[in-house]
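The model shown is predicted, which means the values in this text are computed figures rather than measured ones.
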Amino acid sequence: MNDSQITISLPDSSTRSLPSGATAADLAADIGPGLAKAAVAARVNGELADLRRALPDGASVAIVTRKDSDPDALYVLRHSAAHALATAVRKLYPEAGIGFGPPIEEGFYYDFEVPEPFTPEDIETIQAEMVKVIEADDPFARRDVDRSEAKALFADDPLKLERLEEIPDDETISVYENGPFLDLCRGPHAPSTGEIQHFKLLHAAGAYWRGDEKRQMLQRIYGTAFYTSQALDEYVTRLEEARKRDHRRLGQELDLFSIQEDIGPGLVCWHPKGARLQLELRRWIEDLLTARKYEFVFTPHISSEALFRKSGHLPNYAENMYPSMQGDGEEGAFRVKPMNCPGHTTIYAARPRSYRDLPIRLSEIANVYRYERSGTLHGLLRVRMLTMDDGHVFCTPEQVEPEIFTCLELVDIVMSTLGLEYRFDLSTRPDGEKRIGDDELWDRAEEALHQALDRAELEYGLDEGGGAFYGPKIDIKFKDAIGREWQGATIQLDFNLPERFDLEYVGADNQTHRPVMIHRAIFGTLERFTGVLIEHFAGAFPPWLAPVQVRVLPITDAHEEGARAVLDRLESEGYRVELDSRSDTLGYRIRDGELQKVPYLLVVGEREIEAGTVAVRARGADKKQVIMPVDDFVDRLRERVESKSLQN
RNA sequence: GCUGGCGUAGCUCAACCGGUAGAGCGUCGGAUUUGUAAUCCGGAGGUUGUGGGUUCGAGUCCCACCGCCAGCUCCA
């Protein structure tokens, strides 16, 4: 092999020789014309790159082809679509400042600094202009520049100049040019704007520059793009379908809860059926915790303000706490509690503790109140009165790991029983002023959580700076119907509050020691958890959880007595049953039962009464009805409920 | 909190350029007595989110406030 040749290895571990200076496009063409045609980018030594970049000798290269199923391919397409959007906006608004324009999970956005926010009509105009940009089919040309040239290129673009300042000296500065538009950008991009065939601008919204609410607000336009019109249509349809599962909509349709202006924003009223969901979840977690030696306590809804000052919550979260209630005389001010830690801490401190007592595990399903900013409220998922399945474990440093394992076990039981998908995040210490305690304590706490997760062999993400002010935490995150992520269970390690409250225990050495505190919630809050469950099940809850488990439908008035006998039987067994003896047709009542997502509809007519059977219509079953003796149905229901089966 | 959009009956929605609010579902009454996803007839139900303003006249235009939705920021 001579100097003018380079060797490239391919994903199937074969190698190929190409002339020096060959690009990924050349490689694709060398492999075959079909691949050359389908190629949009390449993965070079693991990094996504333009097709037109020269390949280094010895690189391992995978060609990325136009495919809606390939995240790399979509990333490149959407990044290019963001540039095409900015191109269109600059044509219509030459003075617009340009911020960032990255691809995101389901599409892309671009931020603009314009004097007037975009109206929905503006978005249509921009979309039409974007079509022209695409029709022009200008290539995306990359150029590496030095800092002074970059400064000159973006001289009248303060947002880009600010970004430029942050690029370290050892990093290559690159720009991409497509037709009239030039952007500071790391790339990569599709070969040309013509690649973007199937796209849609979705909506515009304000977004702070650099994500900092103290800085100016830019106007962000969101859009999405795919390689086929079919995938784009599917995406739009999927969003519409997802909206039908929205817990706010189902909460109304199934009469589960309401949030009313007369009561106040973020304050949930649970209707009987929604309250039943909560009661079943509470009973479940109470049993699980009791079996793991947790003890239940109750602490007051209001406490002296001094308590929250001592804990550090007041200094850190005053903005998000309900205002002070001023006492009449010398008593001083009170606050409605935003969390339970100080209360549980106070119970711990109420008497001397021995190492023999530890761990002490206190649990309380408690309502707490947080004055969340108005713009953040969201149905059941972000509320101002929240019901936490809260708990605090006070233990020795050696006991931390087994206690965390118990928490992780509980999370697993709850999530797998319900079939919920979730992921773990390890959230580490926040920035300087936002945390208490010295770094050594933080090191120990973070290390303990890392180890626990590693030993439990769990995969987890890292949320740098996402911890609580008193300690790092393991969070579990799940997604709502349209893919927004929310925090559920949380396990927080805390060496700081025990210091602040001067918690102690007497060790075997007859010396006093500081206990470690674990804050944990398995559901998180019952509001959010129920909201996620409503969307997860689309309102069709498994029998053990369903507010109404069975509805009995007599065919005519003549069968009402027989139907009532079935109802009485089921009620005496402890099940939640309704009788629908309305004078509407059977078809109408079946439809209504289906729409209300009742797991079992039992039809009772002449034949059933005589034979002592019921005609069972199980929600979602292939067979519309199955005739079985009442006893058999009771057995089936019992089995499903007791096992918390997801089947009905 | 910020930016934008929206707010009409319990729910979903309609009402041209400003001309005095209407439908379906639900609910109630009556008829019907039904065998597996909507039986028929009739009635009731609205200070058009709230408060101001412009106008002969405001659901419609203007202002303020409240709430909701999307996004941003925040989330012990």
Side-chain angles (χ1 to χ4, degrees), chain A residues 109 111 116-120 122-123 202-222 243 246 248-249 252-253 255 258-262 264-266 308 311-317 319-321 337-342 368 370-379 381-383 386 388 390 430 434-435 466-471 473 475 482 484 486-487 490 492 494 497 519 521 525 528 553-560 581-595 601-608 615-617 623-625 627:
Chain A
Y109 68 76
D111 288 341
E116 295 291 323
F118 299 115
T119 64
D122 293 339
I123 300 296
L202 298 169
H203 57 267
Y208 298 107
W209 168 234
R210 311 309 308 259
D212 182 346
E213 66 180 320
K214 292 186 183 68
R215 307 206 55 180
Q216 74 267 44
M217 187 162 256
L218 308 181
Q219 296 303 316
R220 177 172 296 178
I221 298 177
Y222 284 90
R243 286 186 224 288
D246 189 308
R248 293 165 295 186
R249 175 183 177 142
Q252 162 71 32
E253 287 174 6
D255 195 20
S258 61
I259 299 172
Q260 298 178 47
E261 216 170 324
D262 285 348
F308 300 116
S311 69
H313 287 91
L314 197 50
N316 275 286
Y317 293 104
E319 295 289 295
N320 294 315
M321 285 174 69
K337 66 175 168 182
M339 28 82 257
N340 305 297
C341 344
V368 299
R370 297 180 180 179
Y371 192 72
E372 302 286 5
R373 293 162 88 175
S374 59
T376 64
L377 300 174
H378 187 101
L381 300 182
R382 189 78 179 271
V383 294
L386 27 151
M388 298 183 71
D390 207 356
K434 290 183 185 165
R435 65 172 189 259
F469 71 85
Y470 48 71
K473 53 185 187 151
D475 286 331
I482 66 166
R484 289 175 290 217
W486 299 87
Q487 182 191 309
T490 184
Q492 311 176 351
D494 180 4
L497 288 190
H519 309 241
T525 75
R528 180 175 291 176
L553 315 181
I555 291 177
T556 74
D557 291 353
H559 314 116
E560 186 166 339
S581 56
R582 289 177 292 183
S583 72
D584 298 282
T585 60
L586 182 62
Y588 175 87
R589 287 174 290 150
I590 288 188
R591 178 180 152 83
D592 187 59
E594 292 282 347
L595 291 177
L601 302 178
L602 304 187
V603 175
V604 175
E606 204 57 43
R607 301 198 291 264
E608 287 77 17
V616 180
R617 188 182 162 112
K623 279 183 105 172
K624 285 295 176 215
Q625 68 161 355
I627 311 282

Would you say a side-chain N or O of A:T585 is under 4.0 Å from OP1 or OP2 of B:U39?
-> yes
If each of A:I555 and A:A468 is mapped to the nucleotide of RNA chain B with the nearest heavy atom, which maps nearer the 5' terminus, i.e. the 5' end?
-> A:I555
Touch class at under 4.0 angstrom, heavy-atom based, for A:G605 against every strand present = base
So what does A:D584 hit on the nucleic acid, given a heavy-atom distance under 4.0 Å: a base, only sugar-phosphate, or nothing?
-> base
If you find the nucleotide of RNA chain B closest to A:D557 and the one closest to A:P338, which residue's nucleotide is nearer the 5' end?
-> A:D557
Can you check whether any acceptor in the base of B:C72 is under 3.5 Å from a donor in the side chain of A:R210, or vice versa?
-> no
Can a side chain N or O of A:K337 be found less than 4.0 Å away from OP1 or OP2 on B:A76?
-> no
Rounded to whole Å, the CG-C1' distance (A:L381 to B:C74) equals 16 Å
Does any N or O in the side chain of A:R528 come within less than 3.5 Å of the main-chain N or O of A:L381, such that one atom is a donor and the other an acceptor?
-> yes
Report yes if at least one side-chain N or O of A:R248 is closer than 4.0 Å to OP1 or OP2 of B:C69; otherwise report no.
-> yes
Report the nucleotide, chosen from B:C75, B:U36, B:U34, that has the shortest atom-to-atom distance to any side-chain atom of A:K624.
-> B:U36
What integer number of Å spans the C1' atoms of B:U60 and B:C16?
-> 11 Å
What does A:Y222 touch in the nucleic acid at a heavy-atom separation under 4.0 angstrom: a base, only the sugar-phosphate, or nothing?
-> sugar-phosphate
Do A:Q625 side-chain and B:U36 base share a donor-acceptor contact under 3.5 Å?
-> yes
Is the NZ or CZ atom of A:R220 positioned over A:Y109's six-membered ring, under 6.0 angstrom from the centre and within 45° of the axis?
-> yes
Whole-angstrom distance between B:G59 and B:U50, as gauged at atom P = 11 Å
Base B:G35 to side chain A:E608, donor-acceptor N/O within 3.5 Å cut-off = yes
A:K434 near the nucleic acid: base, sugar-phosphate alone, or nothing, with a heavy-atom cut-off under 4.0 Å?
-> nothing
Between A:R243 (CZ) and B:U12 (P), how many Å, whole number?
-> 15 Å
Is a donor-acceptor pair below 3.5 Å formed from side chain A:R617 to base B:A37, judging by atom type as modelled?
-> yes
